[in-house]
Undergrad: 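Pasting in a structure now, in structure tokens, and then I'll have a few things to ask.
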There are 2 protein chains.
Amino acid sequence: MPFRIKIPRSTIDRLPLYYRCLNIIEEHGIEEISSQVLGVRVGIDPSVIRKDLAWFGELGKRGVGYNVIYLKNAIGRILGLDKDWPFILVGAGKLGTALAEHNQKYGRHFHLVGIFDRDPDKVGRRVGECQVSPVEDMAAFIQTGDIKIAMLAVPAEEAQKVAHELVKCGIKGILSYAPITLSVPEDVVVYNADYNLDLQRLAYYLTNTSQFSWGE
Amino acid sequence: MPFRIKIPRSTIDRLPLYYRCLNIIEEHGIEEISSQVLGVRVGIDPSVIRKDLAWFGELGKRGVGYNVIYLKNAIGRILGLDKDWPFILVGAGKLGTALAEHNQKYGRHFHLVGIFDRDPDKVGRRVGECQVSPVEDMAAFIQTGDIKIAMLAVPAEEAQKVAHELVKCGIKGILSYAPITLSVPEDVVVYNADYNLDLQRLAYYLTNTSQFSWGE
DNA sequence: CACTGTGAACGCCTTCACAGCG
DNA sequence: CGCTGTGAAGGCGTTCACAGTG
């Protein structure tokens with residue numbers, strides 16, 4: 001159910017924050033929540049929340065607030081979390097390995113189904129619930145499995161080449177831990193998870209000590 | 001050298017992208033670069049780059065472009081990378097451990113100087129170049145070392161409590177891998193590195209296949 | 001002549017205030 | 001009466017076009 005109108009990117013970026021928060025609120029057994037209270041929890045202005053949600057219809061009840069479970073599910077559907085997203089990991093180094101094992105705990109809607117590495121020493125190793133496969137098998141795997149998402153945790157030098165190959169195989173979304181800007185076609189989405197970027201942004205705010213600012 | 005005027009957050013968010021790119025360009029031995037060419041490399045519109053840089057003075061030469069090394073250093077200074085940033089890691093689980101070991105390779109301006117964990121089994125273990133210390137030692141360590149940055153890689157349940165403690169000890173910037181929204185005072189900056197957020201945002205764009213969008 | 005620096009126009013997100021409903 | 005949904009106002013970053021300069 002793609003949406004006709006163009007939703008602001010900033011809205012989309014916030015939806016996962018709401019979603020994450022609603023999960024916790026649900027666990028607390030709370031059934032209704034106002035944009036006010038939710039706002040405090042996620043650190044976002046209530047009117048922003050209402051505007052964000054309004055893009056997708058009337059999700060709340062006037063005079064009452066939002067039903068926690070209903071809203072959570074609605075946002076889930078909007079984000080596309082009503083289906084399962086298989087994804088692969090390229091690069092089974094230290095970071096890649098950790099990501100793979102870490103994933104077990106959290107990913108409810110995202111399932112790591114394959115790990116690939118160039119290094120023959122790593123191939124065959126068991127990492128989390130997968131076994132590392134040689135990159136040569138990657139293309140076929142992506143295509144037969146209809147995989148759309150890839151995590152990229154290879155060294156800078158290889159990242160662009162790998163990204164290019166991923167795209168060629170049909171990958172449409174890349175979460176990249178590589179410390180370079182990837183060049184990809186317009187219909188492919190890249191998110192940058194290189195944490196040095198965030199550290200540097202932190203450094204800026206700590207250096208220029210105004211009373212900024214707030215996360216995400 | 002804090003800046004008087006309020007620089008747009010979006011500008012600050014892009015500076016590390018420029019910086020990262022300029023490092024690579026420098027390695028290629030290129031000496032001058034135009035906003036045009038840099039724009040292609042970082043995937044950002046040239047006029048945005050010029051506007052961003054203009055906040056900090058006249059960094060380029062009209063008719064010529066930007067001197068790569070000079071610009072790199074200028075951005076480095078702006079971000080506060082002319083000094084070293086020691087930081088600590090809290091949480092020596094799978095992810096924390098990987099981050100610690102990964103850090104060796106990249107961090108030029110950020111140095112991991114301490115790792116803390118509650119679990120006695122993990123305390124004493126060697127991770128990267130540090131040894132895991134008990135959380136009880138954390139407060140003293142932060143204060144005597146005048147540490148300002150912390151990476152947070154503890155389970156969701158503990159994250160808020162730990163964050164609170166970090167702030168109390170004088171931490172001003174947190175890079176959080178915990179899957180919750182941290183509540184911190186206004187003068188503390190939090191960046192969210194929980195990759196489930198990014199995966200969900202990816203899922204949105206893949207579900208609502210317009211010809212969006214672009215990374216970072 | 002090439003490319004930066006910049007004021008002005010534009011467009012978009014956020015803020016605000018209140019109308020609409022339960 | 002409380003809180004959402006929403007049009008209108010405002011603020012802010014981006015885009016544009018060109019003046020400025022080596």
Side-chain angles (χ1 to χ4, degrees), chain A residues 3-15 17-18 22 25 30-72 74-75 78 201 204 210 212-214 216, chain B residues 3-15 17-18 22 25 30-72 74-75 78 201 204 210 212-214 216:
Chain A
F3 302 101
R4 315 123 196 92
I5 315 159
K6 203 224 165 199
I7 316 285
R9 187 197 180 88
S10 41
T11 292
I12 303 308
D13 281 351
R14 282 186 295 262
L15 290 181
L17 297 175
Y18 305 152
L22 287 166
I25 292 166
I30 298 166
E31 291 185 357
E32 301 281 341
I33 195 163
S34 65
S35 60
Q36 174 78 244
V37 176
L38 181 59
V40 173
R41 292 246 188 174
V42 295
I44 291 172
D45 189 273
S47 60
V48 171
I49 297 178
R50 293 205 300 278
K51 257 279 152 62
D52 282 344
L53 299 180
W55 286 102
F56 307 101
E58 306 215 351
L59 269 32
K61 286 195 201 73
R62 304 188 188 211
V64 183
Y66 299 91
N67 178 287
V68 173
I69 294 178
Y70 178 79
L71 182 58
K72 193 200 86 170
I75 294 178
I78 293 163
R201 303 196 258 247
Y204 173 85
S210 342
F212 281 122
S213 182
W214 210 344
E216 169 49 342
Chain B
F3 302 100
R4 314 120 197 95
I5 317 160
K6 204 225 163 197
I7 316 285
R9 188 197 179 85
S10 42
T11 293
I12 304 307
D13 281 352
R14 284 187 293 263
L15 290 181
L17 297 174
Y18 305 153
L22 287 166
I25 292 165
I30 297 165
E31 292 184 359
E32 301 281 341
I33 194 162
S34 65
S35 59
Q36 173 78 245
V37 175
L38 181 58
V40 173
R41 291 245 189 174
V42 294
I44 291 171
D45 188 274
S47 61
V48 170
I49 296 178
R50 292 204 301 278
K51 258 276 154 60
D52 283 343
L53 298 179
W55 287 101
F56 307 101
E58 306 214 351
L59 269 32
K61 287 195 201 73
R62 304 187 190 213
V64 183
Y66 299 90
N67 178 287
V68 173
I69 294 178
Y70 178 80
L71 182 58
K72 192 199 87 170
I75 294 178
I78 293 163
R201 302 195 257 249
Y204 173 85
S210 341
F212 282 121
S213 179
W214 209 345
E216 171 52 337

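All chains are named by letter (A, B, ...) in the order of the sequence lines, taking the proteins before the strands, and each is independently numbered beginning at 1. Model, not experiment: these values are computed from the prediction.
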Undergrad: Between atom CG in B:N67 and atom C1' in D:dG22, what is the gap in whole Å?
TA: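 B:N67 atom CG is separated from D:dG22 atom C1' by 14 Å.
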Undergrad: Could you tell me the separation between the CG atom of A:L71 and the C1' atom of D:dT4, rounded to a whole number of Å?
TA: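 Result: 12 Å.
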Undergrad: Would you indicate what B:L53 reaches in the nucleic acid, counting non-hydrogen atoms under 4.0 angstrom: base, sugar-phosphate, or nothing?
TA: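 It contacts nothing in the nucleic acid.
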Undergrad: Take the C1' atoms of the five end pairs on each side of the helix from C:dC1-D:dG22 to C:dG22-D:dC1, get both axes, and report the angle to 10 degrees.
TA: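 Its terminal axes enclose an angle near 10°.
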Undergrad: Could you state the atom-to-atom distance from CG of A:L38 to P of D:dC3 in whole Å?
TA: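 From A:L38 CG to D:dC3 P: 14 Å.
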Undergrad: What pair of heavy atoms forms the shortest contact from B:Y204 to A:I78, and how long is it?
TA: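 Minimum heavy-atom contact is CD1-O, 3.3 Å.
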Undergrad: Of all the heavy-atom pairs spanning B:G60 and B:Y66, show the shortest one and how long it is.
TA: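 Nearest heavy atoms, B:G60 then B:Y66: CA-CD2, 3.4 Å.
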Undergrad: Of the non-hydrogen atoms in A:L22 and A:V68, which two are nearest, and what is the gap between them?
TA: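 A:L22 and A:V68 have their closest heavy atoms at O-CG1, 3.8 Å.
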Undergrad: Protein within reach of the bases, or only the backbone? For nucleotides 14-22 of chain C, mark each nucleotide 5' to 3' as B, S or -, using heavy atoms under 4.0 Å.
TA: SB-B--BBS
Undergrad: Using only side-chain N and O atoms of B:Y66, determine if any of them is under 4.0 Å from OP1 or OP2 of C:dA2.
TA: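 So the side chain of B:Y66 is outside the cut-off, no N or O lying under 4.0 Å from OP1 or OP2 of C:dA2.
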Undergrad: Could you tell me which non-hydrogen atom of A:I49 sits nearest to which non-hydrogen atom of A:V42, and how far apart they are?
TA: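 Looking at all heavy atoms of both residues, the closest pair is CD1-CG2, 4.1 Å.
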Undergrad: Between C:dG5 atom C1' and B:W55 atom CH2, what is the distance in whole Å?
TA: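 Going from B:W55 (CH2) to C:dG5 (C1'), I get 13 Å.
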Undergrad: Once rounded to the nearest 0.5 Å, what's the spacing between atom OG1 of A:T11 and atom CZ of A:F56?
TA: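 Result: 6.5 Å between the selected atoms.
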Undergrad: Restricting to non-hydrogen atoms, name the atom on B:S35 and the atom on B:R50 that form the minimum distance, rounded to 0.1 Å.
TA: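 In this case the closest contact between B:S35 and B:R50 is OG-NH1, 3.2 Å.
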Undergrad: Step by step, would you call B:V37 with B:I30 a side chain to side chain contact (heavy atoms under 4.5 Å, CB included)?
TA: CA-CA 12 Å; B:V37 175; B:I30 297 165; over 6 Å; no
Undergrad: Rounded to the nearest Å, what distance is computed from the CZ atom of residue B:R9 to the C1' atom of nucleotide D:dG13?
TA: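 From B:R9 CZ to D:dG13 C1': 14 Å.
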Undergrad: Between atom CG in B:L59 and atom C1' in D:dG22, what is the gap in whole Å?
TA: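 Atom-to-atom, B:L59 to D:dG22, this comes out as 16 Å.
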Undergrad: Are the side chains of B:Y18 and B:L71 in touch, meaning some heavy atoms are under 4.5 Å apart?
TA: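 Of all side-chain heavy-atom pairs linking B:L71 with B:Y18, none is under 4.5 Å.
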Undergrad: Measure the distance from CD on B:E32 to P on D:dG22 and round it to the nearest whole Å.
TA: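 Going from B:E32 (CD) to D:dG22 (P), I get 14 Å.
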Undergrad: Please give, in whole Å, the distance from D:dG5 C1' to A:F56 CZ?
TA: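 Taking atom C1' of D:dG5 as the reference, CZ of A:F56 is at 15 Å.
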Undergrad: Kindly give the heavy-atom pair with the smallest separation between A:I75 and A:L15, and that separation in Å.
TA: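 Closest approach of A:I75 to A:L15: CG2-O, 3.9 Å.
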